[in-house]
Amino acid sequence: MIDMFLSLNYEPALESLGYDYFDEVAAAEFPRHILRFRNDQLLPRIGLNPQDTNDQDFIQAFGKFQGVRPFLALRYHGYQFGEYNPRLGDGRGFLYGQVRGIDGELYDFGTKGSGTTPYSRTADGRLTLKGGVREVLAAEALHHLGVLTSRCLSLIETGEQLWRGDEPSPTRSSVIVRFSRSHIRFGTFERLHYFKRPDLIKKLLDHVIEQYYPSIIPLKEDKKQEQYAQFYAELVERVARLAAQWMAAGFCHAVLNTDNMSITGESFDYGPFAFIPTYDPKFTAAYFDYYRRYSYGNQPGICQLNLEMLQQPLGMVIPTSEMEAGLAEFGKHYYRNYRHLMLNKLGFEQLPESEESELLRLTIQFLQDTQVGYHAFFAELAQQFDKSWRDDVTQIMSRESFWESDAQYSSLADWRNLYHHLLQNLSVDQLKDMSALLRDKNPHTALLRPVIEAVWEPITQEDNWEPFYELISKLQAKQ
């Protein structure tokens with residue numbers, strides 16, 4: 001029987017660039033292969049029918065790593081918490097292969113936890129099972145909240161015991177395969193600048209534009225700088241949009257080093273991430289982020305800073321003045337996207353600019369002042385919304401069981417009065433559309449830390465995966 005994944009038409013797009021960008025590596029051999037998660041939602045995108053793809057197909061391809069060669073560990077550097085680190089690279093993963101989706105886009109299969117590489121340093125190249133579970137959940141939650149993100153194609157438990165410094169006893173091991181647009185990072189270019197290779201930067205940049213920026217029209221060699229400037233301006237817009245998506249989703253990535261920034265503007269690599277419980281710009285997900293560099297509220301500014309730092313390597317082939325003009329638009333792109341996303345969470349497609357700004361200001365002020373649950377507030381708004389709100393302001397968010405204190409409820413007054421005013425000009429049909437939009441943008445299930453722990457405990461105590469699968473179903477169904 002032919003393995004469905006091994007029968008795909010893999011393209012050597014990155015491989016064709018040559019060995020200046022990667023090293024060939026071998027996958028680890030694992031004692032066990034237990035498929036814990038398969039993402040059937042992704043299969044049609046690459047032309048596979050979930051009914052025709054069995055669990056052994058996943059295990060053979062993504063646990064035993066049969067059939068496809070070579071595996072490529074990418075080389076990159078990066079600024080980590082503001083300090084340049086030239087000792088990076090794919091240390092526990094590799095590019096398994098690249099395939100063309102039915103949409104014509106190129107996609108990467110990339111591993112995490114698949115063994116040591118030349119860039120593992122003193123680490124074992126493995127991934128804990130909990131780390132794999134968390135990444136599956138983060139990616140599914142973000143995708144269904146409208147964030148452009150990598151997703152997990154599979155999670156396989158591998159039967160090894162791993163020792164981690166913060167754990168008193170060994171923990172279970174796993175390997176995941178990410179499905180993403182590209183594994184090329186800001187840090188990929190930074191490494192080439194470190195070695196003073198403008199020729200390799202130009203070669204990589206041409207590849208990135210050809211594969212991932214189809215809106216940029218190819219130009220003759222004497223017009224290349226114009227094309228490169230267009231690329232940088234579009235990258236700025238993509239990253240600004242991504243930052244807005246994180247902020248509206250209430251998501252804190254936690255480790256926004258330049259090696260964790262994708263050249264396609266896609267979110268990926270979920271380690272100590274967290275969704276904010278309440279609106280707090282200083283909320284920090286990583287315990288080791290002592291100075292709150294990557295706090296929730298700092299994310300847009302950090303993304304802009306990382307784009308500015310990328311100008312150094314790209315400056316070897318693109319005039320800095322042209323990149324500065326592109327970066328100057330970051331704030332405009334970010335706030336336009338953030339306002340639109342938040343407006344949708346509040347049920348509106350569009351409003352006059354002055355009313356839109358005031359509604360957003362009052363919403364953020366209310367959430368910050370009261371510290372009511374960020375996700376709970378929007379989910380409750382979707383659940384309670386009723387056409388009667390247009391006629392009676394006292395009915396808006398009036399369910400007493402939601403409010404933890406009278407002070408929280410009374411502080412809602414200014415927001416509620418404006419919300420009521422904005423409903424006055426809507427028809428009954430528009431109110432129905434608003435109700436549907438609220439429910440689509442504000443699922444009841446939020447991936448807060450206690451929710452993750454609640455599905456992890458049955459796994460570690462009883463090897464009971466049902467709560468995990470139930471949570472996945474809720475996230476994917478936006479319940």
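Using a cutoff of 4.0 Å between basic side-chain nitrogens and carboxylate oxygens, R449 and E453 are not scored as salt-bridged. Under the 4.0 Å criterion applied to side-chain N and carboxylate O atoms, R191 and D20 are not assigned as salt-bridge partners. By the 4.0 Å N-to-carboxylate-O rule, K282 lies too far from D280 to be salt-bridged with it. Under 4.0 Å is where a charged nitrogen must lie from a carboxylate oxygen, and between E135 and K130 no such pair does. Of the charged side-chain nitrogens involved, at least one lies within less than 4.0 Å of a carboxylate oxygen, so that K112 and D269 count as a salt-bridged pair. At a threshold of 4.0 Å, the pair D55-R38 counts as salt-bridged, since one of the basic side-chain nitrogens sits closer than that to a carboxylate oxygen. A salt bridge links R36 with D463; the closest basic N to acidic carboxylate O contact falls under 4.0 Å. Using a 4.0 Å cut-off between a side-chain N of Lys or Arg and a carboxylate O of Asp or Glu, D206 and K202 qualify as a salt bridge. At a threshold of 4.0 Å, the pair R172-E157 counts as salt-bridged, since one of the basic side-chain nitrogens sits closer than that to a carboxylate oxygen. K345 and D440 are not joined by a salt bridge, as no carboxylate oxygen comes within less than 4.0 angstrom of a charged side-chain nitrogen.
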Dump the intermediate steps for side-chain contact (heavy atoms from CB on, under 4.5 Å) on F251 and L142, then the final yes or no.
CA-CA 8 Å; F251 177 75; L142 288 171; 3.7 Å; yes
side-chain contact (heavy atoms from CB on, under 4.5 Å) evaluation trace for W456 with V133
CA-CA 8 Å; W456 174 246; V133 165; 4.2 Å; yes
Go through F283 and Y296 one step at a time and tell me if the ring pair (Phe, Tyr, Trp, His ring centres under 6.0 Å) criterion holds.
CA-CA 5 Å; F283 175 87; Y296 168 70; 7.6 Å; no
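H144 and Q41 share a side-chain donor-acceptor pair at under 3.5 Å. Residues D23 and Y119 bring a donor and an acceptor atom of their side chains to less than 3.5 Å of each other.
Figure legend: cation-pi geometry between R45 and F179 absent, as NZ or CZ is not positioned both under 6.0 Å from the six-membered ring centre and within 45° of its axis.
Residue E457 places its CD atom among 12 or fewer non-hydrogen atoms of other residues, nucleotides or ligands, all under 6.0 Å distant. By the neighbour-count criterion of 12 heavy atoms within 6.0 Å, atom CD1 of I217 is sparsely surrounded, having that number or fewer from other residues, nucleotides or ligands. A 6.0 Å sphere centred on OH of Y213 holds more than 12 heavy atoms belonging to other residues, nucleotides or ligands. More than 12 heavy-atom neighbours from other residues, nucleotides or ligands sit within 6.0 angstrom of CZ on F195. Residue-environment remark: NE2 (H444) stays at or below the threshold of 12 foreign heavy atoms within 6.0 Å.
No side-chain heavy atom of S180 sits less than 4.5 Å from a side-chain heavy atom of F268. No side-chain heavy atom of F81 sits less than 4.5 Å from a side-chain heavy atom of Y290. Between L127 and T158, every side-chain heavy-atom pair lies at or beyond the 4.5 Å cut-off. Contact check for F5 versus L153: side-chain heavy atoms found under the 4.5 Å cut-off. Counting heavy atoms from C-beta outward, Y21 and R75 have side chains that stay 4.5 Å or more apart.
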